Amino acid sequence: MTEIVPARAVLLDMDGTLVDSTAVVERLWLAWAEPHGLDPATVLSVVHGRQGHQSMAIMLPERDHAVNLLENERMLATEASDVDGVVEIRGAGDLLRALAEVPHAIVTSANVPLMNARMGEAGLTVPQLVVTAESVSASKPDPEGFLLGAKLLGVDPADCVVFEDSGAGIQAAHAAGMRVIGIGAHAAAHAPEYQVADLTQVSVRAGADGGFELVVE
């Protein structure tokens, strides 16, 4: 069933939403977790959508957070240099081109080098406005990143639509008072307002009163 979603701005997560980085994320995080004796299923249930130091704090709650911050910097550098298997989510390039003339931004838990590396490997153009790990003090599921994106675009949060795949990201968007288009089957478990398998199911058209509409097939 086709649904029409009015909007004045779009905020897009990156990993799992614009680029499929699952292979490299899971490979590197499972390698990190092995010396700690962590259950692989637990690791994979935690790391998606969050900044790395927060994931570490959840999995190793007794560890000094300064160690998490240091290891996260190393992890980010490793991730930025290892893009083997990173590909575009179907329809991402077309959607970014369709959004070129309307307010939009990436809101990602990655830092700038990692964002550029993965977007570049997937052949995607980075939007002019981005909110990255360097931009915020709190990681998703905190709404800070999405609220900052709306502020920078000059759009009320209620008029923003978020594209997200992870539970942490969808929770952050809802906490910011925004509607969510969930990307991929796993997003459905976190109650997005709309759900698509990939971005080929979304198009953009002009709307009323200076806004635009997302057509969700």
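Small disclaimer: the values here were computed from a predicted structure and weren't measured.
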Under 3.5 Å, sequence neighbours excluded: what are the donor-acceptor pairs made by side chains of residues 164-176?
| from | atom 1 | to | atom 2 | distance (Å) |
| --- | --- | --- | --- | --- |
| Glu164 | OE1 | Ser166 | N | 3.4 |
| Glu164 | OE2 | Lys140 | NZ | 2.8 |
| Asp165 | OD1 | Thr17 | OG1 | 3.4 |
| Asp165 | OD2 | His186 | NE2 | 3.2 |
| Ser166 | OG | Gly169 | N | 3.0 |
| His174 | NE2 | Glu193 | OE1 | 3.0 |
| His174 | NE2 | Glu193 | OE2 | 3.1 |

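- Between Pro192 and Gln195 the shortest heavy-atom distance is CG-OE1, 3.4 Å.
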One pair to check against side-chain contact (heavy atoms from CB on, under 4.5 Å): Met59 and His36. What are the steps and the verdict?
CA-CA 10 Å; Met59 292 183 284; His36 300 290; over 6 Å; no

Solution key, residues 153-162 side-chain donor-acceptor pairs under 3.5 Å, sequence neighbours excluded:
| from | atom 1 | to | atom 2 | distance (Å) |
| --- | --- | --- | --- | --- |
| Asp156 | OD1 | Ala158 | N | 2.9 |

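- Within the 4.5 Å cutoff, no side-chain heavy atoms of Ile181 are placed close to those of Glu3.
- In this structure, the separation between CE on Met56 and CG on Leu70 is 9.0 Å, given to the nearest 0.5 Å.
- Counting heavy atoms from C-beta outward, Leu96 and Leu124 have side chains that approach closer than 4.5 Å.
- Sorted by first and then second residue, the salt bridge (Lys or Arg N to Asp or Glu O under 4.0 Å) pairs involving residues 49-64 (not counting sequence neighbours) are Arg63-Glu71.
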Should Met14 and Val107 be marked as a side-chain contact (heavy atoms from CB on, under 4.5 Å) after you check the CA-CA gap, both sets of side-chain angles, and the distance that decides it?
CA-CA 7 Å; Met14 181 183 71; Val107 179; over 6 Å; no

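- Linking Ile, Leu, Val, Met, Phe, Trp and Tyr whenever their side-chain heavy atoms come within less than 4.5 Å puts Leu152 and Phe146 in one cluster.
- Take Thr78 and apply the side-chain contact (heavy atoms from CB on, under 4.5 Å) test, not counting sequence neighbours, and it matches Leu28.
- Among all heavy-atom pairs drawn from Glu134 and Ala110, the shortest one is OE1-O, 4.4 Å.
- For residues 99-112, no pair satisfies side chain to side chain donor-acceptor pair (under 3.5 Å), with sequence neighbours left out.
- Scored by the salt bridge (charged side-chain N to carboxylate O under 4.0 Å, His left out) test, Arg74 finds no partners at all (sequence neighbours excluded).
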Go through Val180 and Tyr194 one step at a time and tell me if the side-chain contact (heavy atoms from CB on, under 4.5 Å) criterion holds.
CA-CA 6 Å; Val180 178; Tyr194 311 94; over 6 Å; no

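- Atom OG1 of Thr22 and atom CZ of Arg27 lie 11.5 Å apart (nearest 0.5 Å).
- For the atom pair CD (Glu121) and CG (Asp82), the distance works out to 9.5 Å, reported to the nearest 0.5 Å.
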N/O donor-acceptor pairs under 3.5 Å from side chains in residues 202-217, not counting sequence neighbours:
| from | atom 1 | to | atom 2 | distance (Å) |
| --- | --- | --- | --- | --- |
| Arg205 | NE | Glu213 | OE1 | 2.7 |
| Arg205 | NH2 | Glu213 | OE1 | 3.1 |
| Glu217 | OE1 | Thr2 | OG1 | 2.7 |

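- To the nearest 0.5 Å, atoms CD1 (Ile106) and CG (Asp13) are separated by 9.0 Å.
- Considering CG of Leu11 and CZ of Phe163, their distance stands at 10.0 Å, rounded to 0.5 Å.
- Tracing side-chain contacts under 4.5 Å through hydrophobic residues (I, L, V, M, F, W, Y), one reaches Leu44 starting from Ile183; they form part of the same cluster.
- Both Val126 and Leu99 are assigned to one and the same hydrophobic cluster, defined by single-linkage of ILVMFWY side chains at heavy-atom distances under 4.5 Å.
- Below 30°, between 30° and 60°, or above 60°: for Trp29 and Trp32 the angle between ring planes is above 60°, a perpendicular geometry.
- Val131 is not connected to Leu18 by any chain of hydrophobic side-chain contacts under 4.5 Å among Ile, Leu, Val, Met, Phe, Trp and Tyr, and they are in different clusters.
- Residue pairs that meet the salt bridge (Lys or Arg N to Asp or Glu O under 4.0 Å) test with at least one member in residues 173-192, sequence neighbours left out, do not exist here.
- For His53, the ring pair (Phe, Tyr, Trp, His ring centres under 6.0 Å) partners two or more places apart in sequence, or in a different chain, are His65.
- When every heavy atom of Leu148 is checked against every heavy atom of Ser135, the shortest pair comes out as CD2-O, 3.6 Å.
- Heavy-atom contacts from other residues, nucleotides or ligands closer than 6.0 Å to CD of Glu34 number 12 or fewer.
- In terms of the side-chain contact (heavy atoms from CB on, under 4.5 Å) criterion, residue partners of Glu73 (sequence neighbours excluded) are, by chain and number, Leu76.
- Both Leu30 and Val46 belong to a common hydrophobic cluster when Ile, Leu, Val, Met, Phe, Trp and Tyr are linked at side-chain heavy-atom distances under 4.5 angstrom.
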With a 3.5 Å cut-off and sequence neighbours excluded, list the donor-acceptor pairs that the side chains of residues 83-90 form with protein atoms.
| from | atom 1 | to | atom 2 | distance (Å) |
| --- | --- | --- | --- | --- |
| Glu88 | OE2 | Ala92 | N | 3.3 |
| Glu88 | OE2 | Gly93 | N | 2.8 |
| Arg90 | NH1 | Asp198 | OD2 | 2.7 |

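- Every residue two or more places apart in sequence or in another chain that forms a side chain to side chain donor-acceptor pair (under 3.5 Å) with Glu144 is listed here: Ser137.
- Ser21 and Asp15 make their closest contact through OG-OD1, 2.5 Å (heavy atoms, listed as atom of the first residue, atom of the second, distance).
- Ala122 and Val19 make their closest contact through CB-CG1, 3.6 Å (heavy atoms, listed as atom of the first residue, atom of the second, distance).
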Stepwise, does the side-chain contact (heavy atoms from CB on, under 4.5 Å) test hold for Asn116 with Val112?
CA-CA 6 Å; Asn116 287 333; Val112 170; 3.4 Å; yes

